[in-house]
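Everything below concerns the one structure shown next.
Residue numbers start from 1 in every chain, and the chains themselves are labelled A, B, ... in the order their sequence lines are given, proteins ahead of strands. Bear in mind the structure is a predicted one, so any value in this text is a computation, not a measurement.
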Protein chains: 2
Amino acid sequence: MDDAENLTVAERIRQQFEDLTRAERQLANCMLEDYPVSGLGSITAVAETSGVSTPTVARMARKLGFGGFPQMQAQLHSELKATISNPINKHDLWAENAPGTHILNRFAEAVMENMRQTLRQINPTDFNAVAQLLSDPKRDIYAVGGRITRSMADHFFTHMQVMRSGVTLMAPNSNTWAHYVLNMKEGDVLVAFDIRRYEHDILRLAEVAKSRGVTFILFTDQWGSPAGKFATHSLNSRIEVPSAWDSLVVTLFLVEAVIAAVQNETWDETKDRMKILEELFDQTKMFKKFI
Amino acid sequence: MDDAENLTVAERIRQQFEDLTRAERQLANCMLEDYPVSGLGSITAVAETSGVSTPTVARMARKLGFGGFPQMQAQLHSELKATISNPINKHDLWAENAPGTHILNRFAEAVMENMRQTLRQINPTDFNAVAQLLSDPKRDIYAVGGRITRSMADHFFTHMQVMRSGVTLMAPNSNTWAHYVLNMKEGDVLVAFDIRRYEHDILRLAEVAKSRGVTFILFTDQWGSPAGKFATHSLNSRIEVPSAWDSLVVTLFLVEAVIAAVQNETWDETKDRMKILEELFDQTKMFKKFI
DNA sequence: CTATATCTGAAAATATATTTTCAAAAATAA
DNA sequence: TTATTTTTGAAAATATATTTTCAGATATAG
């Protein structure tokens, strides 16, 4: 009978407004007023807000072609979801090049979604605090990664090293870590990367470091490494992609953003260091030869 | 007890994320995923979507400081109402957390834009060809990076090594490279990373390798490394961000996408290798100790 | 005005949602 | 490993939500 299964609630109301009774119209107007949020509570709540009885609400839902009030509400939910979930940045951007099912597209969508989710979840206070800690020249910094995240620690180290002194990249091999811990002093900062397949050694390291008064910063995934319980600040990123492995793209994004933030904090000293570094590179280049 | 009566659900989740248990984290992630719409259904619906039990949902609501699930949902309703009725903050997915000019936001926007540009520009034919080449077990693979891109080469190597044999990560120090070239045979693949501040040594390496019949794959930036002229396939990514350095986020995305593509190509052999690797890890773990 | 059809909401009946309880499972400590 | 604690979800208990019933209210026609 209803060919209009996919009409919005608002459309159905407008379409059938003439057939509605007095109490129903009152309800309809109220629902359209703060649409669609006003229809989100229980039938009782909706009825009260509109000043009608619950049966009226149930009846109108039927009249509009739904099985009942819950069905109408479900429709409102999905409309809301469609509205809220980003209008601009989906799909359309690269589709022209690769067919819809191409791994490049699927991967890209997953990564973009990971970015969004991560950004929504990130705690700016933590982020700022991390940048602050890493900008403090009195604190030495130690970076460490696991089997997969090693490259993140490496990247982090490479850039931090340019901006300040007292930065150490810990060897990936955990049986060398005791020596690093030996050098850590209270207030120093340990930056660790630990994602799914969490490494037990990192957990132990965090515990030991923490017990010696070291500030522990953790880059981990959405589920959170167990080492999180020792972390002063945790930066979680989404890592799931259509692959047998996890994606570190968003983690890298966070690392680079932190680096940029630190650079902002310390720009006065950093810019001189960078200049000197450039000069050093130029000089050494002149000595190098290949084959 | 809670001075934080007026925190959003999302904020409360973030604040207490560390205190949440496994099932609760799973739920929390699901709720943040389509926030706040995902938390709008009945407790049963929310539980089912997240794959946890209803008591878990009720418990978490309590843990976050609400009287119960209905109270939490009421809070979601009012948040939603505030969001919807305020056209300004609409759809800005992370804006709620950090003010508009926060480095995190600016960085994110730049990276997203880089992704889009890169994807629009990428040549799927090149991409596929690269995946094909790297999946060919008869070709040995050599990976090399520069000062900044070293971590990309490292990441690439770590994953390729799992999928197949005959993969070599070249030391970053260019005066060791001659030895690697000595081992390269015709048809082998050299994968190099070279971005702005292009390194002269990479150019020379590419030239020499090419002259010996080695297939050269280059990951570079939007402007293209000079080594590009020796490249069989070039994968360019946008790297500009509001920072003194360039961003490797999109480069990493391409690397991971290539890895995923290779994995697809070689899944039959790869899955066995991965299984064996897992077993090896389990075994070696038993021998390890820290401090 | 009265007769009749329609609408409406209080209250009962029913269906769902939510919380509580508790034993099994999982994690952690010893 | 084994003991202990914590976490978890199935099922029962409870609380709410939703629908149905039906008598009174309201509108409409004659």
Side-chain angles (χ1 to χ4, degrees), chain A residues 9 16-31 38-77 196-204 206-208 210-211 223-230, chain B residues 9 16-31 38-77 282 285-286 289:
Chain A
V9 176
Q16 305 202 44
F17 195 79
E18 288 304 320
D19 305 331
L20 299 182
T21 66
R22 181 192 54 74
E24 284 167 353
R25 288 182 188 199
Q26 187 179 325
L27 165 62
N29 280 319
C30 274
M31 284 191 54
S38 49
L40 251 44
S42 71
I43 193 173
T44 322
V46 173
E48 269 185 10
T49 317
S50 319
V52 301
S53 68
T54 51
T56 300
V57 182
R59 273 190 293 256
M60 190 174 83
R62 280 254 162 93
K63 216 165 180 177
L64 296 179
F66 296 103
F69 177 77
Q71 283 71 35
M72 182 171 79
Q73 197 169 53
Q75 165 73 29
L76 285 174
H77 278 175
R196 188 149 72 170
R197 305 302 169 86
Y198 310 109
E199 305 196 19
H200 190 246
D201 294 333
I202 298 254
L203 178 63
R204 300 291 308 279
E207 186 176 7
V208 174
K210 188 78 187 184
S211 74
W223 305 283
S225 152
K229 63 182 156 205
F230 302 113
Chain B
V9 175
Q16 299 194 224
F17 192 78
E18 289 302 322
D19 304 330
L20 299 181
T21 64
R22 181 192 57 73
E24 284 166 352
R25 287 182 186 199
Q26 188 177 326
L27 165 62
N29 278 316
C30 276
M31 285 191 51
S38 50
L40 250 44
S42 71
I43 194 174
T44 321
V46 173
E48 266 185 13
T49 317
S50 319
V52 301
S53 67
T54 50
T56 301
V57 182
R59 273 190 294 255
M60 192 174 82
R62 281 253 160 92
K63 216 167 180 175
L64 295 179
F66 296 102
F69 176 77
Q71 284 72 35
M72 180 170 82
Q73 197 169 52
Q75 165 72 30
L76 285 174
H77 278 171
D282 287 345
K285 243 177 212 160
M286 306 181 74
K289 255 202 164 169

(request) State the SG-CD distance between B:Cys30 and B:Glu48, to the nearest 0.5 angstrom. (result) 12.5 Å
(message) Nearest 0.5 Å, please: how far is CG in A:Leu76 from CE in A:Met31?
(response)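 Those atoms lie 5.0 Å apart.
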(message) Going by side chain to side chain contact (heavy atoms under 4.5 Å, CB included), A:Val46 matches just one of A:Leu40, A:Val57, A:Thr54, A:Val52. Which one?
(response) A:Val57
In whole angstrom, what separates [X]'s [atom1] from [N]'s [atom2]?
X: B:Arg62; N: D:dT8; atom1: CZ; atom2: C1'; answer: 17 Å
X: A:Lys63; N: C:dT6; atom1: NZ; atom2: P; answer: 12 Å
X: B:Leu27; N: D:dG9; atom1: CG; atom2: P; answer: 10 Å
X: A:Leu203; N: C:dT28; atom1: CG; atom2: C1'; answer: 12 Å
X: B:Phe69; N: C:dT16; atom1: CZ; atom2: P; answer: 17 Å
X: A:Ile43; N: D:dT20; atom1: CD1; atom2: P; answer: 10 Å
X: A:Tyr198; N: C:dA27; atom1: OH; atom2: C1'; answer: 15 Å
X: B:Gln26; N: C:dA26; atom1: CD; atom2: P; answer: 14 Å

For a quick check of understanding: with a heavy-atom distance under 4.0 Å over all strands, which category does [X] fall into, base, sugar-phosphate or nothing?
X: A:Thr54; value: base
X: A:Ser42; value: sugar-phosphate
X: A:Arg59; value: base

(message) Closest-nucleotide mapping onto DNA chain C: is B:Gln71 or A:Asp19 further toward the 5' terminus? I mean the 5' end.
(response) A:Asp19
[X] side chain: which of [options] is closest?
X: A:Arg22; options: D:dG9, D:dT19, C:dT8; value: C:dT8
X: B:Gln73; options: C:dT18, C:dT20, C:dG9; value: C:dT18
X: A:Ala23; options: D:dA10, D:dT19, C:dG9; value: C:dG9
X: B:Thr56; options: D:dT19, D:dG9, C:dT19; value: D:dG9

(request) Taking the side chain as every heavy atom from C-beta outward, state whether A:Glu207 and A:Phe230 have any pair of such atoms under 4.5 Å apart. (result) yes
(message) Taking A:Gln16's backbone N and O only, do any of them form a donor-acceptor pair with A:Lys63's side chain (distance below 3.5 Å, no angle check)?
(response)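 Judged by distance alone, no pair lies under 3.5 Å.
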(message) Just N and O in the side chain of A:Thr21: are any of them under 4.0 Å from OP1 or OP2 of C:dT8?
(response) yes
